[in-house]
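Positions are given from 1, in the same order as the sequence printed here.
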Amino acid sequence: MKSRRLDRPFLRAIVGVAIMLIPCMILTSCVEEQQLEELVQETNQEETMQEPAEPEEPAVALPGLPEDVAGYERWLKLNAEPIPPVEGFDPHNGDKNVYVNQTRDTIAPDGEQQFPYPDGSVVVKEAYRPNKDYVGLIAIMRKIAGSDPDHNDWEFIEYTRNDPDADFKVIASGRICWGCHARVEDIDYVFTELE
């Protein structure tokens with residue numbers, strides 16, 4: 001019996017210590033949480049204090065080209081590598097790149113290109129003429145609903161220039177263009193498929 005009486009004061013001491021420790025533990029966790037919040041705020045402030053990214057310059061069309069193709073170089077590029085000149089007859093002679101104003105998800109929703117292109121599509125082919133370091137040819141296809149049902153509603157036009165400072169001038173359009181492109185009617189008149 002005597003040991004039970006000794007236990008009670010001992011238990012009271014433990015309860016007293018626990019009562020004192022619990023508020024300390026709560027205070028400590030609150031301080032840690034507050035320190036963590038302060039650290040997050042400091043990090044966010046540092047991120048916002050960094051220099052903002054340079055805004056992208058507005059696209060400007062090459063001289064002589066229509067404004068709707070301004071910045072075509074930022075569009076989805078269909079070819080992975082420049083397309084070399086074709087031996088023999090190559091109406092777009094030179095190293096070529098082909099761009100479209102659509103997203104990969106739009107024209108290849110399952111990873112494989114779908115045809116036809118949607119209305120409003122604009123395809124731009126640029127060509128660097130042999131031994132030249134500037135774009136000397138621009139061929140444009142615009143898909144405009146109802147414009148030419150016999151050719152999947154594509155309008156064709158081609159521009160060239162012979163000097164990097166010269167304006168582009170129209171050299172071909174319509175029948176001259178679609179007559180050649182009719183060979184790839186099954187892939188909606190566009191020779192270059194998405195790679």
Side-chain angles (χ1 to χ4, degrees), residues 50-108 111-144 147-148 151-195:
Q50 293 175 356
E51 290 185 32
E54 285 290 319
E56 197 170 290
E57 288 189 31
V60 177
L62 292 170
L65 294 180
E67 285 300 314
D68 70 339
V69 297
Y72 72 85
E73 307 93 336
R74 299 176 191 164
W75 297 355
L76 175 63
K77 190 163 112 174
L78 297 177
N79 54 294
E81 297 293 325
I83 303 163
V86 177
E87 292 284 329
F89 179 71
D90 186 354
H92 303 154
N93 190 24
D95 290 323
K96 298 165 279 292
N97 291 302
V98 182
Y99 303 86
V100 64
N101 69 340
Q102 300 293 335
T103 65
R104 182 174 290 275
D105 288 340
T106 300
I107 65 170
E112 187 174 327
Q113 188 170 0
Q114 305 295 305
F115 299 101
Y117 281 86
D119 287 334
S121 293
V122 178
V123 176
V124 173
K125 179 187 279 183
E126 65 176 13
Y128 287 81
R129 298 300 201 187
N131 304 313
K132 304 289 182 187
D133 63 351
Y134 62 91
V135 175
L137 174 137
I138 294 286
I140 303 170
M141 295 174 64
R142 291 181 184 87
K143 183 162 264 208
I144 302 169
S147 65
D148 186 358
H151 303 101
N152 281 6
D153 289 328
W154 284 111
E155 290 185 352
F156 298 82
I157 191 162
E158 185 175 324
Y159 300 81
T160 61
R161 65 180 176 177
N162 293 318
D163 184 90
D165 297 322
D167 284 5
F168 280 92
K169 304 283 186 211
V170 175
I171 63 156
S173 64
R175 176 181 219 134
I176 294 170
C177 302
W178 59 252
C180 182
H181 283 256
R183 294 184 291 167
V184 289
E185 180 179 3
D186 60 325
I187 55 171
D188 202 18
Y189 290 83
V190 180
F191 278 93
T192 306
E193 295 183 65
L194 179 64
E195 294 179 353

When every non-hydrogen atom of A61 is compared with those of A70, the smallest separation belongs to N-CB, 3.4 Å
Residues in side-chain hydrogen bond (donor to acceptor under 3.5 Å, both in side chains) with N93, at least two apart?
none
What is the minimum heavy-atom distance between G94 and P130, and which atoms define it?
CA-CD, 4.0 Å
Measuring from atom CD1 of I187 to atom CG of N152, what distance do you get when rounded to the nearest 0.5 angstrom?
11.5 Å
Start with the C-alpha distance between N79 and N97, add both sets of side-chain angles, then the distance that settles side-chain contact (heavy atoms from CB on, under 4.5 Å), and finish with yes or no.
CA-CA 6 Å; N79 54 294; N97 291 302; 2.9 Å; yes
If the condition is side chain to side chain contact (heavy atoms under 4.5 Å, CB included), which residues does E112 pass it with, not counting sequence neighbours?
Q114
Nearest atoms (heavy-atom pairs only) where Y189 meets A182:
CE2-CA, 3.7 Å
Contacts of W178 meeting side-chain hydrogen bond (donor to acceptor under 3.5 Å, both in side chains) (sequence neighbours excluded), chain-then-number -> none
Would you indicate whether the side-chain heavy atoms of L194 and L76 approach each other to under 4.5 Å?
yes
Can any side-chain N or O of W154 pair as donor or acceptor with the backbone N or O of D188 at less than 3.5 Å?
yes
Identify every side-chain donor-acceptor pair in residues 115-123 under 3.5 Å, counting partners at least two apart or on other chains, and give the distances.
unit_1, atom_1, unit_2, atom_2, d
Y117, OH, Q113, NE2, 2.8
S121, OG, Q102, NE2, 3.2
S121, OG, P118, O, 2.7

Residues two or more places apart in sequence or in another chain: which of them pass ring-ring contact (aromatic ring centres under 6.0 Å, His included) with H181?
F156, F191
Dump the intermediate steps for side-chain contact (heavy atoms from CB on, under 4.5 Å) on I138 and V69, then the final yes or no.
CA-CA 10 Å; I138 294 286; V69 297; 5.6 Å; no
For W75 and V100, work out which heavy atoms get closest and say how close.
CB-O, 3.1 Å
Here the gap from S173 atom OG to I140 atom CD1, rounded to the nearest 0.5 Å, amounts to 11.5 Å
List for me each residue that meets ring-ring contact (aromatic ring centres under 6.0 Å, His included) alongside Y99, sequence neighbours excluded, and say none if there are none.
Y72
Rounded to the nearest 0.5 Å, what separates atom SG in C180 from atom NE2 in H92?
7.0 Å
Salt bridge (charged side-chain N to carboxylate O under 4.0 Å, His left out) against D68, all qualifying residues, sequence neighbours excluded
R142
For residues 119-141, pull every pair meeting ring pair (Phe, Tyr, Trp, His ring centres under 6.0 Å), keeping only residues two or more places apart or in separate chains.
none
Please list all pairs passing the salt bridge (charged side-chain N to carboxylate O under 4.0 Å, His left out) test where one or both residues lie in residues 153-179, with sequence neighbours left out.
none
Donor-acceptor pair, distance only, cut-off 3.5 Å: does the side chain of E195 make one with the backbone of A80?
yes
Taking only residues two or more places apart in sequence, or in another chain, which ones meet N101 in a side-chain hydrogen bond (donor to acceptor under 3.5 Å, both in side chains)?
none
What residues form a salt bridge (charged side-chain N to carboxylate O under 4.0 Å, His left out) with R74, not counting sequence neighbours?
E56
Going by the rule side-chain hydrogen bond (donor to acceptor under 3.5 Å, both in side chains), which residues pair with T103 if we only count those two or more places apart in sequence or in a different chain?
T106
Working to the nearest 0.5 angstrom, can you tell me the gap between K132 NZ and N162 CG?
7.5 Å
Note: R129 and P91 closest approach over all heavy atoms is NH1-O, 4.4 Å
Could you tell me the separation between the CG atom of L78 and the OG1 atom of T192, rounded to the nearest 0.5 Å?
6.5 Å
